[in-house]
Amino acid sequence: MSSRQAARRVRILSAASALGAREGLSRVQMHDVAKESGVAIATLYRYFPSKPYLFLAVLEWHIEQFLGGRDGGPAADEPADPATEVAETLIALTGKLLDSRLLASAVALSSFTEYASAVPARIDIVERALGQRLLRLLGGGADAETERGRVRLLVYSWWGLFVAVLTEEISTEQGENDLRLAARLIAAA
């Protein structure tokens with residue numbers, strides 16, 4: 001991807017984020033995203049073939065921005081506890097995504113909207129965006145397949161709890177406590 005294409009992609013994701021935060025998924029039209037980002041509708045569809053695909057990319061982009069804005073881990077004088085670091089990273093990510101409930105709902109709903117082959121699996125997207133950070137926080141030790149399984153379990157746990165907090169099935173406090181428990185259990189494996 002050229003730098004012009006990357007910039008265009010970011011404009012599209014930024015426009016979709018702003019519209020999703022203002023309007024929610026159901027009221028966002030692809031035509032409006034194209035207009036707000038300054039691209040032709042055909043260009044938008046070349047990058048993102050459907051609205052669910054677009055909003056899954058928005059989720060991935062927000063995760064990458066969040067991780068890019070965080071430091072590399074605990075301060076040198078603090079003891080590193082992988083379970084705590086993983087849990088606090090996921091809790092902070094949840095809080096950041098929930099800053100805009102409409103946008104959080106848009107990315108969550110888009111992941112359930114369409115299961116066509118054109119839409120990557122939501123867990124694969126989240127795992128791709130978070131995987132390396134979680135692996136680094138967990139530390140090595142096990143074989144590659146076990147480590148990938150640990151990351152997958154953390155991502156599934158986080159996603160389920162994110163949706164449960166978003167839909168108010170559980171409180172934010174309960175979600176945070178459950179994430180800490182999941183991280184401790186999975187880090188110990």
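Model, not experiment: these values are computed from the prediction.
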For A183 and V86, the nearest pair of non-hydrogen atoms, with its separation, is CB-CG1, 4.1 Å

NZ/NE/NH1/NH2 to OD/OE distance under 4.0 Å, E147 and R150
yes

CD (E85) and CZ (R133) are apart, to the nearest 0.5 Å, by 10.0 Å

Taking the six-membered ring for Trp and the single ring otherwise, decide whether the centroids of F162 and W159 are under 6.0 Å apart.
yes

Heavy-atom pair of closest approach, residues S110 and V107
OG-O, 2.8 Å

Any chance you could measure L97, atom CG, to L59, atom CG, to the nearest 0.5 Å?
6.5 Å

Value for OG (S105) from CG (L25), rounded to nearest 0.5 Å, stands at 9.0 Å

Could you list the donor-acceptor pairs under 3.5 angstrom formed between side-chain atoms of residues 7-21 and any protein atom two or more places apart in sequence or on another chain?
{"from": "R8", "atom 1": "NH1", "to": "Y47", "atom 2": "OH", "distance (Å)": "3.0"}
{"from": "R11", "atom 1": "NE", "to": "S37", "atom 2": "O", "distance (Å)": "2.9"}
{"from": "S17", "atom 1": "OG", "to": "L13", "atom 2": "O", "distance (Å)": "2.9"}
{"from": "S17", "atom 1": "OG", "to": "H62", "atom 2": "NE2", "distance (Å)": "2.8"}

Taking the side chain as C-beta and beyond, is there a heavy-atom pair between V33 and F48 under 4.5 Å?
no

So do Q132 and L135 actually touch side chain to side chain, heavy atoms under 4.5 Å?
yes

Apply side-chain contact (heavy atoms from CB on, under 4.5 Å) to residues E176 and T172 and explain how you reach the verdict.
CA-CA 6 Å; E176 290 175 2; T172 300; 3.5 Å; yes

Sole residue of L90, T94, I91, D178 in side-chain contact (heavy atoms from CB on, under 4.5 Å) with L161
D178

So do I63 and L67 actually touch side chain to side chain, heavy atoms under 4.5 Å?
yes

Determine yes or no for a side-chain-to-main-chain donor-acceptor pair under 3.5 angstrom, with Q5 supplying the side chain and S2 the backbone.
yes

So, taking the atom named CG in L179 and the one named CD in E88, what distance separates them when rounded to the nearest 0.5 Å?
9.0 Å

Can you confirm whether more than 12 heavy atoms, excluding those of R101, are under 6.0 Å from its CZ atom?
yes

How long is the span from the CG atom in L154 to the CG atom in L130, to the nearest 0.5 Å?
9.5 Å

L153 vs L185 side-chain heavy atoms within contact, under 4.5 Å
no

Could you state whether L98 and L102 fall into the same hydrophobic cluster, counting links through intermediate Ile, Leu, Val, Met, Phe, Trp or Tyr residues with side-chain heavy atoms under 4.5 angstrom apart?
no

Given a cutoff of under 4.5 Å between side-chain heavy atoms of I, L, V, M, F, W and Y, with clusters grown through shared members, what are the other residues clustered with M1?
none

Heavy-atom pair with the smallest gap, counting every atom of F66 and L93:
CZ-N, 3.4 Å

Determine, using the 4.5 Å side-chain heavy-atom cutoff (strictly less than), whether I170 and L166 are members of one ILVMFWY cluster.
yes

Please report the interatomic distance CG(L44) to NZ(K35), rounded to the nearest 0.5 Å.
14.5 Å

Would you name the heavy atoms of M30 and K51 that are closest together and state the gap between them?
SD-CA, 3.8 Å

Under 3.5 Å, is there a donor-acceptor pair linking the side chains of T167 and E169?
yes

